[in-house]
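Atoms within a ligand are numbered from 1 in the order they appear, just like the ligands themselves. Reckoned from all heavy atoms, side chains included, excluding hydrogens, waters and symmetry mates.
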Amino acid sequence: MDNIVRRIGILTSGGDAPGMNAAIRAAVRNCLQHNITPIGIHRGYNGLIQGDTFEMDARSVNNLSERGGTILYTARCKEFTTPEGVQQAVRTCKYAGIDGVIAIGGDGTFRGAQKLSAAGVNTVGVPATIDNDIGCSHYTIGFDTAANTAIQCIDKLSDTMQSHERASVVEVMGRHAGHLAVYVGLAVGATAILVPEFPVDFERDVIERIRQGKYRGKRHFLIIVAEGVGRCDEIARRIEEETGIDARVSILGHIQRGGAPSGRDRTMAARMGHTAVEELALGHTNLVVCYRDSHIVTIPIDEALAMKKGLDPYMYKVAYDISI
Ligand code: F6P
């Protein structure tokens, strides 16, 4: 067998993120530069198991960078966690002549990519999740757009909450990670930011901060809560009871995952999607494309999955020091 890559499959998996389409476009177009046929795979690893694949060309990704969501659809695939599921995916690759796969998504997507590589299909991962919680990469596609969406929503909320001198308890996405909450909280001037990574002393970190702010003449209080912390109703109730300030809850939800990607997400996605093809064209496998210290690099998936990314405590401190 020669080492020449002829057909590269592209899939998106896990929660969608703005910029996934821009990564697909870059991958498709760079495949064509290498005389490689790009193959779209629908619904993540499900499409590989079910043989739901189709040939793409330069025009099938026209005007795609600016579109949110993913034209390939996305899903989480339980079946792919079993050896039978992986073997079925390998059979699809053989049948469809796919000799490389680009898997765009988060940690779960990379665990799938690791299995596919181990089963003999060259695979490269591209990090895309609004949570920005991939240990190996300082940035993940979708984070900037999601943060800006949340910030715009909260700015609107602040207008009405300020008029009524209320407290807003706002839940942003992030079941296991508080990166979005801390970034958004700093940007909107939150009085308190609650994240799953840091334990909170509710009395000290929320109630007392509101009381002190009120004493200093502050009339509106924003409490940003990462989804993983939950209990927004309970938080609002306690604020009302213990400070006498009227409080309202807003859950931003999936609106944060939609919309046209920002310039940062489009360019990051283009660079990462392009790099994934470069690596596969060289016959490389079991890699994740990462953004580290202002450069796009690749790291073996096994190493990448072992890396952890903590919250930036300095960012948290800045948010607290200046929202008085
Ligand atoms: O991982 C991205 C994410 O948006 C998380 O922030 C959130 O907890 C989760 O996905 C929601 O998943 P689903 O769309 O399946 O409800």
| message | In terms of relative ring orientation, are Tyr320 and Tyr316 parallel, tilted or perpendicular, with 30° and 60° separating the classes? | response | parallel

| For atom 8 (O) of ligand 1, the protein heavy atom that lies nearest, with its residue and separation | Glu227 OE1, 2.8 Å

| query | Can you pull the side-chain hydrogen bond (donor to acceptor under 3.5 Å, both in side chains) pairs that have at least one residue in residues 186-213, sequence neighbours excluded? | reply | Glu208-Arg211, Arg209-Ser323

| query | How far is atom 12 (O) of ligand 1 from its nearest protein heavy atom, and which residue and atom is that? | reply | Arg175 NH2, 3.2 Å

| Nearest-contact summary for atom 16 (O) of ligand 1 - protein heavy atom, Å | His254 NE2, 3.3 Å

| query | Should Met20 and Ile296 be counted in the same cluster of Ile, Leu, Val, Met, Phe, Trp and Tyr side chains packed under 4.5 Å apart? | reply | yes

| field | Residue of the set Asn63, Leu64, Ile71 for which side-chain contact (heavy atoms from CB on, under 4.5 Å) holds with Arg25 | value | Leu64

| field | Identity of the nearest option to atom 2 (C) of ligand 1, non-hydrogen atoms only, from Asp107, Asp133, Thr74, Asp131 | value | Asp131

| note | Quick look: Arg76 vs ligand 1, heavy-atom contacts under 4.0 Å, and the answer is side chain

| field | Protein residue, atom and distance nearest to atom 3 (C) of ligand 1, heavy-atom basis | value | Arg257 NH1, 3.5 Å

| query | Apart from Ile98 itself, which Ile, Leu, Val, Met, Phe, Trp or Tyr residues share its cluster (side-chain heavy atoms under 4.5 Å, direct or through members)? | reply | Leu11, Ile39, Ile41, Tyr45, Leu48, Ile49, Phe80, Val86, Val90, Val101, Leu116, Val121

| query | So, for His138 and Tyr291, is the gap between ring centers shorter than 6.0 Å? | reply | no

| task | Could you list the atoms of ligand 1 found under 4.0 angstrom from a heavy atom of Gly174? | result | 6 (O)

